[in-house]
Amino acid sequence: MNIFRLAGDMTHLASVLVLLLKIHTIKSCAGVSLRTQELYAIVFATRYLDIFTSFVSVYNTFMKLVFLGSSFSIVWYMRYHKAVHRTYDREQDTFRHWFLVLPCLVLALLIHEKFTFLEVLWTFSLYLEAVAILPQLVLLQRTRNIDNLTGQYIFLLGGYRGLYILNWIYRYFTEPHFVHWITWIAGLVQTLLYADFFYYYFLRFIGGRGVE
Amino acid sequence: EANNEKKDEL
């Protein structure tokens, strides 16, 4: 564990907590894409399949449970909670996210480190996570400005993988044989997809306006 | 052994 990865995990945790806070306290998911949340639930479900078979640390297992629990709870809230469900913007959240799942699965079947069931699904989760934010970014463009909590959620979610990139650079220089091109490229693509969001988000900080 | 290392990242 290094400071970059810890900061990355804490940023990721913060993004999930901000979203749960928004949905649970003000009972609203306005501006939040259910499709992105569904993709993230699939990402965690396929990435943490080894949660019961390979123990790394208490921290690792705890965080996996938090991410699994929170992502599925958010989907449940947005789909079935009567108050929250009413605030979901169904007409605008129309990105065909299932069109993202299949190509990621095919790509995982073609490009992976080992051809085993767990490894292919784990690789699939990496590719899917890289594009999972797309429905949210499209929804953001359609609904124009968004509330602060949703903006902070997206900012933290984009930032965590950027910190992971610093972690991979650090581990590459400090650990022999630490080379994972698939993870690195997927993480880089994921972070680059947030580039224009970060640009407008920082403009907001500088200009003091809402996220246009 | 690079491939057999545990996946220690989230």
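Throughout, a chain's letter reflects where its sequence line sits, starting with A, and its residues are numbered from 1. Quantities reported herein were computed from a predicted structural model and do not represent experimental measurements.
Atoms NZ and CZ, from B:K6 and A:F55 in turn, are 8.5 Å apart once rounded to the nearest 0.5 Å.
Residue A:F44 does not touch chain B at all, counting heavy-atom pairs closer than 4.5 Å. Of the two parts of A:N60, the backbone and the side chain both hold a non-hydrogen atom closer than 4.5 Å to a non-hydrogen atom of chain B.
Between A:F67 and B:L10 the shortest heavy-atom distance is CE1-CD1, 3.9 Å.
Salt bridge B:K7/A:E119: present, at least one basic N to carboxylate O contact under 4.0 Å.
Crowding of A:Y170 atom OH: a count of heavy atoms from other residues, nucleotides or ligands under 6.0 Å not exceeding 12. Annotation for A:W98: atom CH2 counts as buried by contact number, over 12 foreign heavy atoms lying within 6.0 Å.
Checked against B:E9 for a side chain to side chain contact (heavy atoms under 4.5 Å, CB included), the options A:R171, A:R47, A:M1 give a single hit: A:R171.
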